[in-house]
**Student:** 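I have a structure I would like to understand better, so I am pasting it below and will then ask my questions one at a time.
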Amino acid sequence: MLIPTTVTVALRCPQCGRLQLSGLSRFALGRTGSQRVACACGHHLLTVGVRPGQVWMQVPCFLCDGTHYRYYAPERFWAPDLKPITCAETDLQLGVLGGEEAVAEYVR
């Protein structure tokens, strides 16, 4: 059985308007680490972190000017299926998270 070790996140940068696809790796995060994801222009898009039994995401929202937090079981976070990233205030989609092929297909 293969265990997924990477996911891709696609978010539009509110600063420059580019759609940014970024890969996240289990190995880069480790068991309790975190990783900031920035656009090519340098604007902060999200932070992802790991703690025992949980993966969390912190997403600054350009729609409501708030910060949204998402919590996943590790097996759900690393699964290749698409998971929408939405604004809790407006229920509009900010981006998607999932396997590289699924995210690339969705973006097309």
**Student:** Just how far is it from atom CG of Leu92 to atom OG1 of Thr86, taken to the nearest 0.5 Å?
**Tutor:**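 Rounded to the nearest 0.5 Å, the CG-OG1 separation comes out at 9.0 Å.
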**Student:** What heavy-atom pair brings Leu19 and Arg12 nearest, and what distance separates the two atoms?
**Tutor:**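 Here Leu19 and Arg12 meet closest at N-NH1, 3.6 Å.
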**Student:** Check the pair Asp81, Arg76 against side-chain contact (heavy atoms from CB on, under 4.5 Å), reporting the backbone distance first and the verdict last.
**Tutor:** CA-CA 9 Å; Asp81 60 311; Arg76 175 78 178 116; 2.5 Å; yes
**Student:** I need the full list of side-chain hydrogen bond (donor to acceptor under 3.5 Å, both in side chains) pairs touching residues 88-99, with sequence neighbours left out, sorted by first then second residue.
**Tutor:**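 Residue pairs with at least one partner in residues 88-99: Gln93-Tyr106.
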**Student:** Count I, L, V, M, F, W, Y as connected when their side-chain heavy atoms are under 4.5 Å apart, and connections chain through other members. Are Trp56 and Leu11 then in the same cluster?
**Tutor:**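 No, because Trp56 and Leu11 fall into different hydrophobic clusters, even though each may have its own neighbours under 4.5 Å.
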**Student:** Drop me the distance from Ile85's CD1 to Cys61's SG, to the nearest 0.5 angstrom.
**Tutor:**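 Going from CD1 on Ile85 over to SG on Cys61, the span is 11.0 Å.
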**Student:** Assigning hydrophobic clusters by single linkage (Ile, Leu, Val, Met, Phe, Trp, Tyr; side-chain heavy-atom cutoff under 4.5 Å), is Trp78 placed with Tyr72?
**Tutor:**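 Yes; tracing contacts between hydrophobic side chains, which count when under 4.5 Å, links both residues.
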**Student:** Find the distance between SG (Cys41) and CZ (Arg18) and round it off to the nearest 0.5 Å.
**Tutor:**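 Separation between the atoms: 6.0 Å.
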**Student:** Could you pull out all residues at least two apart from Asp65 that satisfy salt bridge (charged side-chain N to carboxylate O under 4.0 Å, His left out)?
**Tutor:**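 Not a single residue meets the salt bridge (charged side-chain N to carboxylate O under 4.0 Å, His left out) criterion with Asp65.
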**Student:** On a heavy-atom basis, which atom in Ala88 and which in His68 lie closest, and how many Å separate them?
**Tutor:**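 Heavy atoms only, the tightest pair is N-CE1, 3.2 Å.
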**Student:** Would Val59 end up clustered with Tyr71 when hydrophobic side chains under 4.5 Å apart are linked, directly or stepwise?
**Tutor:**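 Each belongs to a different hydrophobic cluster.
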**Student:** Tell me whether Val96 shares a hydrophobic cluster with Val55, the cluster being built from Ile, Leu, Val, Met, Phe, Trp, Tyr side chains joined at under 4.5 Å.
**Tutor:**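 No.
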**Student:** Taking all non-hydrogen atoms of both residues, which atom of Val48 and which atom of Leu29 are closest, and how far apart?
**Tutor:**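 In terms of heavy atoms, the two residues are closest at O-CD2, 3.6 Å.
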**Student:** How close do Pro74 and Gly53 get, heavy atom to heavy atom, and via which atoms?
**Tutor:**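 Distance-wise, the nearest heavy atoms are CD-O, 3.4 Å.
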**Student:** Taking all atoms of both residues into account, what is the closest heavy-atom pair of Pro60 and His44, and its distance?
**Tutor:**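 Looks like CG-ND1, 3.5 Å.
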**Student:** So, the side chain of Arg36 versus the backbone of Thr47: is there a donor-acceptor pair under 3.5 Å, distance only?
**Tutor:**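 Judged by distance alone, no pair lies under 3.5 Å.
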**Student:** To the nearest 0.5 Å, what is the distance between CG (Leu46) and CZ (Arg70)?
**Tutor:**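 Output value for this atom pair is 11.5 Å.
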**Student:** So if I apply the side chain to side chain contact (heavy atoms under 4.5 Å, CB included) rule between Leu24 and each of Val37, Thr8, Thr6, which one comes out positive?
**Tutor:**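 Passing option: Val37.
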**Student:** Looking only at heavy atoms, what is the nearest atom pair of Val107 and Ala10, with distance?
**Tutor:**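 Smallest heavy-atom distance, with atoms named: CG2-CB, 4.1 Å.
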**Student:** Would you mind reporting whether Phe62 and Cys87 have side-chain heavy atoms less than 4.5 Å apart?
**Tutor:**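 Answer no - side chains too far apart.
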**Student:** Taking the side chain as C-beta and beyond, is there a heavy-atom pair between His43 and Pro14 under 4.5 Å?
**Tutor:**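 Yes, at least one pair of side-chain atoms sits under 4.5 Å.
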**Student:** Should Phe77 and Val103 be counted in the same cluster of Ile, Leu, Val, Met, Phe, Trp and Tyr side chains packed under 4.5 Å apart?
**Tutor:**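 They do not share one cluster, since no chain of ILVMFWY contacts under 4.5 Å joins Phe77 to Val103.
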